[in-house]
Visitor: 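Supplied in structure tokens, the structure appears directly below.
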Amino acid sequence: MTSTRWPAALAAIVLLLGGASLVSGCAAGAPRGPGAGAEAAAPVPRARPVDASAEAYYHFAAAQLHARAGRFPEAIAELRQAIQRDPKTAALWVQLAQWLARANAPAEAIEAAQKAVELAPDSQATHLTLADLFRRQRKFAEAEAELEKVIALSPQTPDAYLALAQQHFEQKAYDKARAVLLRLVAGRPGLAQGHYLLGRIGIETEAWDEAIARLKRATELDPDQDGAWTALGFVLENQKRPEEAAQAYRQAITANPGNLSFVERLGDLLLRLGRLKEAEQEIETLTGAAPRDPRVWIKLGAIQYEQKEWERAAAAFRRALALEPGNLRARYFLATTFIEASKDAEAQTELERILSADPRSVDARVQLGFLHSRAKRYQEAAAILREAINIEPKRPELFLYLGTALYRASEYDRSVAVLQEGLSLDDKHRDLHFQLGVVREKQQRFEDAIGAFRRVIAIDPKHAEAYNYLGYMYAERGINLGEAVDLIQQALALDPENGYFIDSLGWAYYQQGKYPEALRELQRAADRAKEDPEIFDHLGDAYLKNGQIEEAISAWERALQVDKENRTSESVKKKLQEAREKQLRAKGDAPKSAPK
């Protein structure tokens, strides 16, 4: 058989495929760790022209065709035929190693790569390929040895340093990874990737100052390093340096105006800082740049929702739904916006649409239950909340919602049973205990209510409502008044401007006979809770005890004005009549007899 040389086109194909090693990517970005995307083998060096038979070329070309079609067993068989006819070309052995690894034959792949190294010991690509195969088999010492050989061959080429750092990083050997990268930046101080990866190691080891310094250096060297900007913003936020984080995101936006993730991150940061208008401005930038992305409109709507701009929030959520009608998250947000805007019919329509698309949606049922309860349709509320529990029977808060709906329906025994069922799932659920205390108090089971509220305080010593409720129960009954004052003052220490807590304190003083102190606190309470009839009822009592009958009459008249649900109207009307009669007697006028 007449021998021939490999055609030039074939040599080019060998080189091209040889360079596409198992370790994909380059040193330009490593979002998951120091070497991610940085282990790409250098191109296999051009071997000297080799005599090869026409048959070898035929088998090689056939192998490529099989590989392109995804038929790797056939490709490997053809490539072996080519190697049998030309066993001295390292690039063919590298290609074989890659395909064997892909065919899940790691031992044979390593043997092929070792043969490539034997044929081309000065090739970076052969050592990198073998190192990667060792790493995949968790033969880390052997992989490290091959990578060090590459570094010795080319100390200024970063690929091997980055691959070795990646290997140490994956093993959480951060000190070793740092040492490798320090060697790299010592020789290549202007390599942004090296500083970026050192910054990532600083994050993993919580060496925050080092991380910040390295990441800042990376962004200075290469402002297009999106990963470095992202990591820098993260570290600054983590270290409670929000203004610097915001500045980093703004610099990233300037350097990379096409990367909208930085605008989103800045908007989210400003939202967390409570700077809602600034956050809204940033997200509005996104709506201009990506007007067909429903996520942007959802985020804008969420910010407007936080500002209680219900109409604008609803418009943003509608825009998201126009772009993606099946987006149930946007529809849920639209429904909750309608609820806040007291547009119950629209809210119910959207929630029912969610249930039509997702019959097992628990959150939609919870919101529907709230709507029914607000409309005093308590049985409907209870029915739909029971459906939610049947779908997710292990969520304690669902029992809280159902128990509350039953309490409002005055079905106290059923409410207690449901709340206790929830507590069987989580005995430390403070809100279940609190609601149980509320129901027990309504049942006039005083000791059980006291026990429930004390359990809340044991679970959460900063639960202001529990201190207040417990103290007010004592004050209302005229018992343990000293403890009542102490409990209410603990509530006020946690929430000093709460008008209802101040009312409780004033009433405790009233029950102690400390009428000037009571009047002082009840006046403060009325200033803060101007629509509560019970507070004005208490205030009228305190005025009367302090000899201010006209002010008492005014307070009780105000109580009647704001009592939309007739909570205190009968008793207040009686007090008013008695006060007016007393006022007339004081003036010397006998009150007129009621007509018979």
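Every heavy atom of this structure was used, including side-chain atoms; hydrogens, water molecules and symmetry mates were not.
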Visitor: Of all heavy-atom pairs between Gly422 and Leu432, which one has the smallest distance, and what is that distance?
Guide: C-CD1, 3.6 Å
Visitor: Decide, yes or no, whether a salt bridge links Glu170 with Arg135 under the criterion of side-chain N to carboxylate O below 4.0 Å.
Guide: yes
Visitor: Between the side chains of Glu280 and Gln304, is a donor N or O closer than 3.5 angstrom to an acceptor N or O?
Guide: yes
Visitor: Test of understanding: with salt bridge (charged side-chain N to carboxylate O under 4.0 Å, His left out), list the residues that count as partners of Glu340, not counting sequence neighbours.
Guide: none
Visitor: Using a 4.5 Å cut-off on heavy atoms from C-beta on, say whether the side chain of Phe134 contacts that of Glu146.
Guide: yes
Visitor: Heavy-atom distance under 4.5 Å between the side chains of Asp226 and Phe262, does that happen here?
Guide: yes
Visitor: Once rounded to the nearest 0.5 Å, what's the spacing between atom CG of Leu232 and atom CD1 of Ile212?
Guide: 7.0 Å
Visitor: What's the spacing between Glu237 CD and Lys240 NZ if we round to 0.5 Å?
Guide: 10.0 Å
Visitor: What's the separation between atom NZ in Lys88 and atom CH2 in Trp93, rounded to the nearest 0.5 Å?
Guide: 10.0 Å
Visitor: With Glu142, which residues qualify under side-chain hydrogen bond (donor to acceptor under 3.5 Å, both in side chains), at least two apart?
Guide: none
Visitor: So, Asp132 versus Thr129: side-chain donor-acceptor pair below 3.5 Å or not?
Guide: no
Visitor: Quick one: pull up CG in Leu328 and OG in Ser356 and give me the separation to the nearest 0.5 Å.
Guide: 10.0 Å
Visitor: Would you say Arg178 and Glu210 make side-chain contact, with heavy atoms under 4.5 Å?
Guide: yes
Visitor: Residues in ring pair (Phe, Tyr, Trp, His ring centres under 6.0 Å) with Tyr174, at least two apart?
Guide: Phe169
Visitor: Taking all non-hydrogen atoms of both residues into account, name the closest pair between Leu398 and Ala388 and its distance.
Guide: CD1-O, 3.7 Å
Visitor: Please step through side chain to side chain donor-acceptor pair (under 3.5 Å) for the pair Gln166 and Tyr161, ending with a clear verdict.
Guide: CA-CA 9 Å; Gln166 168 71 12; Tyr161 293 98; over 6 Å; no
Visitor: What verdict does the ring-ring contact (aromatic ring centres under 6.0 Å, His included) test give for Phe338 and Trp310, after you've listed the backbone C-alpha separation in whole Å, the side-chain angles of each residue and the deciding distance to 0.1 Å?
Guide: CA-CA 7 Å; Phe338 284 143; Trp310 312 126; over 10 Å; no
Visitor: What residues, two or more places apart in sequence or in another chain, satisfy salt bridge (charged side-chain N to carboxylate O under 4.0 Å, His left out) together with Arg183?
Guide: Glu148
Visitor: Could you check whether any side-chain heavy atom of Phe72 comes within less than 4.5 Å of a side-chain heavy atom of Leu100, counting everything from C-beta outward?
Guide: no
Visitor: Holding to salt bridge (charged side-chain N to carboxylate O under 4.0 Å, His left out), I want the full list of residues that pass it with Glu284, two or more places apart in sequence or in another chain.
Guide: Arg312
Visitor: Would Gln98 and Arg102 count as a side chain to side chain donor-acceptor pair (under 3.5 Å) here? Give the steps.
Guide: CA-CA 6 Å; Gln98 293 169 357; Arg102 189 161 181 172; over 6 Å; no
Visitor: Can you name the closest pair of heavy atoms from Glu282 and Val263 and give their distance?
Guide: O-CG1, 3.2 Å
Visitor: Determine yes or no for a side-chain-to-main-chain donor-acceptor pair under 3.5 angstrom, with Arg265 supplying the side chain and Gly233 the backbone.
Guide: no
Visitor: With a 4.5 Å limit on heavy-atom distance, are the side chains of Arg365 and Leu385 in contact?
Guide: no
Visitor: Run Arg319 and Thr287 through side chain to side chain donor-acceptor pair (under 3.5 Å) and show every step you take.
Guide: CA-CA 11 Å; Arg319 184 70 177 268; Thr287 64; over 6 Å; no
Visitor: Would a distance-only check, ignoring hydrogens and angles, find a side-chain to backbone donor-acceptor pair under 3.5 Å from Arg275 to Leu271?
Guide: no
Visitor: Got a sec, which residues hit side-chain hydrogen bond (donor to acceptor under 3.5 Å, both in side chains) with Gln239, two or more places apart in sequence or on another chain?
Guide: none
Visitor: Taking salt bridge (charged side-chain N to carboxylate O under 4.0 Å, His left out) as the definition, give me every residue that meets it alongside Glu244, ordered by chain and number, with sequence neighbours left out.
Guide: Arg241
Visitor: Would the distance check show the side chain of Thr219 and the main-chain N or O of Lys216 forming a donor-acceptor pair, the cut-off being under 3.5 Å?
Guide: yes
Visitor: Ion pair present between Asp268 and Arg272, side-chain N to carboxylate O less than 4.0 angstrom?
Guide: no
Visitor: Got a second to check how far Asp426's CG is from Lys394's NZ, nearest 0.5 Å?
Guide: 12.0 Å
Visitor: Checking the side chain of Ser123 only, and the main-chain atoms of Ala125 only, is there a donor and an acceptor separated by less than 3.5 Å?
Guide: yes
Visitor: Looking at side-chain heavy atoms only, is the closest gap between Leu323 and Asp293 below 4.5 Å?
Guide: no
Visitor: Using distance only, find each side-chain donor-acceptor pair of residues 103-119 under 3.5 Å and give its atom names and separation, not counting sequence neighbours.
Guide:
{"unit_1": "Glu108", "atom_1": "OE1", "unit_2": "Arg80", "atom_2": "NH2", "d": "2.9"}

Visitor: Are Leu79 and Gln95 packed together at the side-chain level, in the sense that at least one heavy-atom pair is separated by less than 4.5 angstrom?
Guide: yes
Visitor: Identify the heavy atoms of Pro359 and Ile391 that sit nearest to each other, and give their distance.
Guide: O-CD1, 4.2 Å
Visitor: Minimum heavy-atom separation for Ala320 to Ile298, with atom names?
Guide: CB-CG1, 3.8 Å
Visitor: Under the side chain to side chain contact (heavy atoms under 4.5 Å, CB included) criterion, do Asp86 and Tyr57 qualify, and how do the steps go?
Guide: CA-CA 9 Å; Asp86 182 8; Tyr57 175 63; over 6 Å; no
Visitor: Hey, could you give me the CZ/CD1 distance between Arg250 and Ile253, rounded to the nearest 0.5 Å?
Guide: 7.5 Å
Visitor: Could you give me the CA-CA distance, side-chain angles and deciding distance for Ser261 and Asn259, then say whether side chain to side chain donor-acceptor pair (under 3.5 Å) is met?
Guide: CA-CA 6 Å; Ser261 69; Asn259 190 332; 2.5 Å; yes
Visitor: Can you check whether Asp431's main-chain N or O pairs, donor with acceptor, with His463's side chain at less than 3.5 Å?
Guide: no
Visitor: Looking at every non-hydrogen atom in both residues, tell me the closest pair between Leu273 and Pro242 and how far apart they are.
Guide: CD2-CB, 3.7 Å
Visitor: Step through the shown structure and confirm whether more than 12 heavy atoms of other residues, nucleotides or ligands are within 6.0 Å of CZ on Arg295.
Guide: no
Visitor: Looking at side-chain heavy atoms only, is the closest gap between Glu220 and Gln225 below 4.5 Å?
Guide: no
Visitor: Taking only residues two or more places apart in sequence, or in another chain, which ones meet Asp222 in a side-chain hydrogen bond (donor to acceptor under 3.5 Å, both in side chains)?
Guide: none
Visitor: In a table with atom names and distances, give each donor-acceptor pair under 3.5 Å that connects a side chain of residues 329-337 to protein atoms at least two apart or in another chain.
Guide:
{"unit_1": "Arg331", "atom_1": "NH1", "unit_2": "Glu350", "atom_2": "OE1", "d": "2.7"}
{"unit_1": "Arg331", "atom_1": "NH2", "unit_2": "Pro325", "atom_2": "O", "d": "3.2"}
{"unit_1": "Tyr332", "atom_1": "OH", "unit_2": "Gln367", "atom_2": "NE2", "d": "3.1"}
{"unit_1": "Thr336", "atom_1": "OG1", "unit_2": "Tyr332", "atom_2": "O", "d": "3.4"}
{"unit_1": "Thr336", "atom_1": "OG1", "unit_2": "Phe333", "atom_2": "O", "d": "2.8"}
{"unit_1": "Thr337", "atom_1": "OG1", "unit_2": "Phe333", "atom_2": "O", "d": "2.8"}

Visitor: With sequence neighbours excluded, tell me which residues meet side-chain hydrogen bond (donor to acceptor under 3.5 Å, both in side chains) with His168.
Guide: none
Visitor: Mind checking ring pair (Phe, Tyr, Trp, His ring centres under 6.0 Å) for His66 and listing every partner two or more places apart, or none if nothing turns up?
Guide: none
Visitor: Would a distance-only check, ignoring hydrogens and angles, find a side-chain to backbone donor-acceptor pair under 3.5 Å from Asn256 to Pro223?
Guide: yes
